[in-house]
Amino acid sequence: MADVNTASAAFLATIPSPDQGVWHIGPVPIRAYALCIIAGIIVAIWLGERRWVNRGGTKGTVIDVAVFAVPFGLVGGRLYHVITDNQLYFGEGKNPLNALKIWDGGLGIWGAIALGAVGALIACRRRGIPLPAMADALAPGIVIAQAIGRLGNYFNQELYGAHTDLPWGLEIYQRYNPTNPDDFLNGIAIGHVPLPDSPVHPTFLYELIWNLGVALLVIWADKKFRLGHGRVFALYVAGYTAGRFWIEMMRTDTANHILGLRVNVWTSILLFAAAIAYFVLAAKRGPREAPETLWSKDVPREDADADSDSAESSETHAEVAAAPDTVRDSAADKATEDPKPDAEK
């Protein structure tokens with residue numbers, strides 16, 4: 001009985017992994033990793049749209065930008081992963097066609113950001129709006145999307161750290177795939193047989209929490225200091241890379257090294273320095289972009305003016321409603337006065 005209680009206590013002191021990351025509806029595989037990526041994209045678009053409109057931009061612009069940025073970003077993310085981890089796909093005994101299997105996981109965030117920015121630039125030029133302002137609106141949503149995407153790594157049971165005895169250690173199990181014994185990703189954990197290093201540091205969870213913290217920091221700083229000209233995006237990059245640096249150092253998955261450091265560690269260092277430099281230099285461009293510069297060129301100016309007038313009218317009504325009774329009575333008396341002749345209007 002004592003042994004059972006000890007085993008139960010040990011289990012409760014760790015985080016269990018899901019038994020599988022892929023389910024099938026008939027012949028169709030439903031992958032948790034893909035669902036997390038899709039959920040993250042939806043959240044990023046929703047939050048980005050709200051922030052863009054609040055800055056004075058045209059409604060629907062973020063969705064139009066996403067039509068270009070998302071597919072570009074997915075391709076860029078996959079290219080970055082394949083290039084930096086090329087040994088997984090090329091060489092003796094490897095199948096290069098596996099590089100196309102994006103559903104098996106493997107997206108590099110910096111490739112996604114770089115090529116996604118190209119797609120966003122194309123869309124912004126078509127709309128006649130500044131890319132830095134759009135990047136500022138999207139930044140918090142992007143880092144939240146990254147946090148959601150890390151849940152996909154949890155279901156795939158990948159990208160974890162070394163063994164740990166900490167209470168939040170992650171249990172990782174052997175997964176079995178009867179159709180392909182070497183395909184652990186699509187396997188199922190039977191009997192919860194732990195891998196030799198289990199429990200391990202849940203580095204996916206560390207990054208998830210860090211990313212949500214960066215999102216809160218970026219939103220707070222933007223609201224307090226009214227940042228513009230790409231400075232919000234630069235703050236996101238600096239905040240994310242600061243966390244990715246130490247989290248990447250904890251990971252034990254296969255990765256290429258340069259001068260003894262993982263490639264993504266070097267990438268984080270360089271991008272952090274670049275982001276800080278841009279954040280400082282962009283401050284010289286002055287206050288945040290004026291709202292009229294964010295209107296899409298294919299939307300009639302009258303519509304934008306109408307929206308503005310409607311907003312001003314709503315604000316006026318709100319002010320009158322909140323005013324003392326004497327002020328409201330005065331406003332009502334003025335509204336009921338006889339109209340002037342046409343010649344005097």
[Y]/[X] salt bridge by N-O under 4.0 Å criterion:
X: Asp19; Y: Arg175; value: no
X: Asp253; Y: Arg262; value: yes
X: Asp222; Y: Arg51; value: yes

*Shortest non-hydrogen contact from Ala66 to Pro71?*
O-CD, 3.7 Å
*Taking all heavy atoms of Gly48 and all of Leu138, pick out the closest pair and write down the distance.*
CA-CD2, 3.9 Å
Under 3.5 Å, is there a donor-acceptor pair between the [X] and [Y] side chains?
X: Asn264; Y: Arg251; result: no
X: Tyr33; Y: Glu158; result: no
X: Glu171; Y: Ser17; result: no

So [Y] and [X], do their side chains get closer than 4.5 Å, heavy atoms only?
X: Leu185; Y: Val22; value: no
X: His24; Y: Ile30; value: no
X: Met250; Y: Thr252; value: no
X: Tyr176; Y: Ile188; value: no
X: Leu47; Y: Pro140; value: yes
X: Lys94; Y: Leu88; value: no
X: Asp136; Y: His229; value: no
X: Asn177; Y: Phe184; value: no

Is there a donor-acceptor pair under 3.5 Å between the side chain of [X] and the backbone N or O of [Y]?
X: Trp295; Y: Gly56; result: yes
X: Glu207; Y: Ile247; result: no
X: Gln157; Y: Tyr173; result: yes

_Identified ring-ring contact (aromatic ring centres under 6.0 Å, His included) partner of Tyr240 from the options Phe272, Trp210, Trp110_ = Trp110
*Checking side-chain hydrogen bond (donor to acceptor under 3.5 Å, both in side chains) against His201, which of Tyr160, Tyr206, Trp168 comes through?*
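Answer to the side-chain hydrogen bond (donor to acceptor under 3.5 Å, both in side chains) test with His201 among Tyr160, Tyr206, Trp168: Tyr206.
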*asked:* Hydrophobic clustering (ILVMFWY, side-chain heavy atoms < 4.5 Å, transitive) - are Ile209 and Val143 grouped together?
replied: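 The answer is yes; both residues are in one hydrophobic cluster.
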*Is it possible for you to say whether Leu227 and Val214 belong to one hydrophobic cluster, with membership spreading through side-chain heavy-atom contacts below 4.5 Å?*
yes
_Using ring pair (Phe, Tyr, Trp, His ring centres under 6.0 Å), reason through Phe245 and Trp266 one step at a time and then give a plain yes or no._
CA-CA 8 Å; Phe245 172 83; Trp266 284 111; 9.3 Å; no
